[in-house]
Q: 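Below you will find the structure I want to go over with you.
Sequence lines set the chain letters: A, B, ... in the order given, protein chains first and strands last, and positions in each chain run from 1.
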Number of protein chains: 2
Amino acid sequence: MINSIMQEKNLKITSARKELLEVLNSLKRPVSFEDIKHKITMDKATFYRNISKFESESLVNSFESNGKKRYYEIRQFPHAHFVCNVCNTIECLGEIPPPTLVGYTILDALYKGICRNCTQGVCIKDLQGEIMYNSP
Amino acid sequence: MINSIMQEKNLKITSARKELLEVLNSLKRPVSFEDIKHKITMDKATFYRNISKFESESLVNSFESNGKKRYYEIRQFPHAHFVCNVCNTIECLGEIPPPTLVGYTILDALYKGICRNCTQGVCIKDLQGEIMYNSP
DNA sequence: TAGTTAATGCAACTAAGTCGCATTTAAAAA
DNA sequence: TTTTTAAATGCGACTTAGTTGCATTAACTA
Ligand SMILES: [Mn+2]
Ligand SMILES: [Mn+2]
Ligand SMILES: [Zn+2]
Ligand SMILES: [Zn+2]
């Protein structure tokens, strides 16, 4: 349960923290502050301060995607991420573990390119930059 | 030669563009605007406008690293990059091609972690956050 | 060489994230 | 339970990489 997880990490159990972990846990996908700011009541300073506490306590991990936003997710087993340059979708790649490289410690892997849907022409950007979905 | 490359891409050959390609070509490593602003004379707006032209003409590619800065390099054969979380060094991984994933088009791979030097304790951050290099 | 169009410099702007500080709140101590 | 104390919060101001509008300048074209 969320409270006991925070207790183990010696984090004060505040309503902002419970709310934030609850939201991250329910969404089960990487999100930016922008993505969830309407689902949470705390100030953005509180969001970022708590996220970085969670990161240093290994409850959350993060990566940067296309654009300038950083994405956060509940820490699970190590896995890579894929960001689509066309539709900007972010996918957790459970199947593809980050590679190993002798001498290095690889902690994170981020791939960019064209996702399965966009490769098949399922989602394309129209001329206005809006994303449209067609059947394959 | 740099001029003929630009001609092929139907880019106006300006002194700013020649200077920028010259610098990127001579450094042979990914650099941010900050890294090279003292080596070039153009305004930062001109830098970013030209970089994005070069990217859309496939002369340059880019990726984001630790911190908020974006890094740019002359486009070579496809290769992955490694960013060290300790010393923030960026390495081009010529040996490791980006992986393939059925259905996807992977165009870029970015790995983060601890570089060979930092893993061996060759470079460590001291308490002031300065990076020091020791012999292994 | 003159005309056209794109490129440039400059200053103002944007937006994600950070920081200082006064106030509130969780948890320890009494 | 009440008091004490340190940590967490909200708010506004700030930072900084990158972008944009606009007047001016410099490549290419005829
Ligand atoms: Mn993930
Ligand atoms: Mn490279
Ligand atoms: Zn896509
Ligand atoms: Zn390192």
Q: Using atom CZ of Phe47(A) as one end and atom C1' of dA16(C) as the other, report the distance to the nearest whole Å.
A: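 That distance rounds to 11 Å.
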Q: Does a side-chain N or O of Tyr48(A) approach OP1 or OP2 of dG17(C) to a distance below 4.0 Å, or not?
A: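 For Tyr48(A), the contact criterion (side-chain N or O under 4.0 Å from OP1 or OP2 of dG17(C)) is met.
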Q: When you measure from the side chain of Glu73(B) to the backbone of Asn61(B), do you find a donor-acceptor pair of N or O atoms at a distance under 3.5 Å?
A: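 No: the side chain of Glu73(B) does not pair with the backbone of Asn61(B).
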Q: Roughly how many Å is it from NZ in Lys69(A) to C1' in dA15(C), rounded to a whole number?
A: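 So the NZ-C1' distance, Lys69(A) to dA15(C), works out to 10 Å.
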Q: Using a strict heavy-atom distance below 4.0 Å, which residues from residues 7-36 of chain B are in contact with DNA chain D?
A: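 Listed by number, they are Lys12(B), Ile13(B).
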Q: Can a donor-acceptor pair be found, under 3.5 Å and without considering hydrogens, that links the side chain of Thr46(A) to the backbone of Met42(A)?
A: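 Side chain of Thr46(A) to backbone of Met42(A), a donor-acceptor pair under 3.5 Å: no, none is there.
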Q: Considering non-hydrogen atoms only, spot the tightest contact between Tyr111(A) and Ala109(A) and give its length.
A: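 Tyr111(A) and Ala109(A) have their closest heavy atoms at OH-CB, 4.0 Å.
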Q: Output the rounded distance in Å from CE (Met6(B)) to P (dA7(C)).
A: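 For the pair Met6(B) CE and dA7(C) P, the rounded distance is 11 Å.
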Q: Nearest-Å distance, CG (Asn50(A)) to C1' (dT9(D))?
A: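 The answer, rounded to whole Å, is 9 Å.
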Q: Roughly how many Å is it from CD in Glu55(A) to P in dG17(C), rounded to a whole number?
A: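 Computing the Glu55(A):CD to dG17(C):P distance gives 11 Å.
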Q: Does anything in residues 39-46 of chain A reach DNA chain D, meaning a heavy atom under 4.0 Å, and if so which residues?
A: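 Correct list: Met42(A), Asp43(A), Ala45(A), Thr46(A).
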Q: Less than 4.0 Å between a side-chain N and a carboxylate O, is that true for Arg70(A) and Glu34(A)?
A: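 Salt bridge flag = no for Arg70(A) with Glu34(A).
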Q: Checking all strands, does Arg70(B) fall into the base, sugar-phosphate, or nothing category for heavy-atom contacts under 4.0 angstrom?
A: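 Sugar-phosphate contact only - Arg70(B) comes under 4.0 Å of backbone atoms but never of a base.
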Q: Hey, does the side chain of Ser32(A) reach the backbone of Tyr71(A) with a donor-acceptor pair shorter than 3.5 angstrom?
A: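 Not confirmed, Ser32(A) side chain does not pair with Tyr71(A) backbone.
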Q: Does any N or O in the side chain of Thr105(A) come within less than 3.5 Å of the main-chain N or O of Gly113(B), such that one atom is a donor and the other an acceptor?
A: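 Answer holds: no.
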Q: Please evaluate the base of dG9(C) for a donor-acceptor partner in the side chain of Arg49(B) within a cut-off of under 3.5 Å?
A: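 Looking at the base of dG9(C), it does pair with a donor or acceptor on the side chain of Arg49(B) (distance under 3.5 Å).
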Q: Nearest-Å distance, CG (Asn3(A)) to P (dA26(C))?
A: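 Asn3(A) atom CG is separated from dA26(C) atom P by 12 Å.
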Q: Identify which one of Leu24(A), Leu27(A), Leu59(A) satisfies the side-chain contact (heavy atoms from CB on, under 4.5 Å) criterion when paired with Ile74(A).
A: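 Single side-chain contact (heavy atoms from CB on, under 4.5 Å) partner of Ile74(A) among Leu24(A), Leu27(A), Leu59(A): Leu24(A).
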Q: Can you tell me if Tyr104(B) and Glu91(A) form a side-chain donor-acceptor pair at under 3.5 Å?
A: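 Note: Tyr104(B) and Glu91(A) side chains meet the donor-acceptor criterion.
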Q: Would you confirm whether Glu19(A), through its side chain, and Thr41(A), through its main-chain N or O, come within 3.5 Å as a donor-acceptor pair?
A: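 Yes; judged by distance alone, with no hydrogens or angles, the pair exists.
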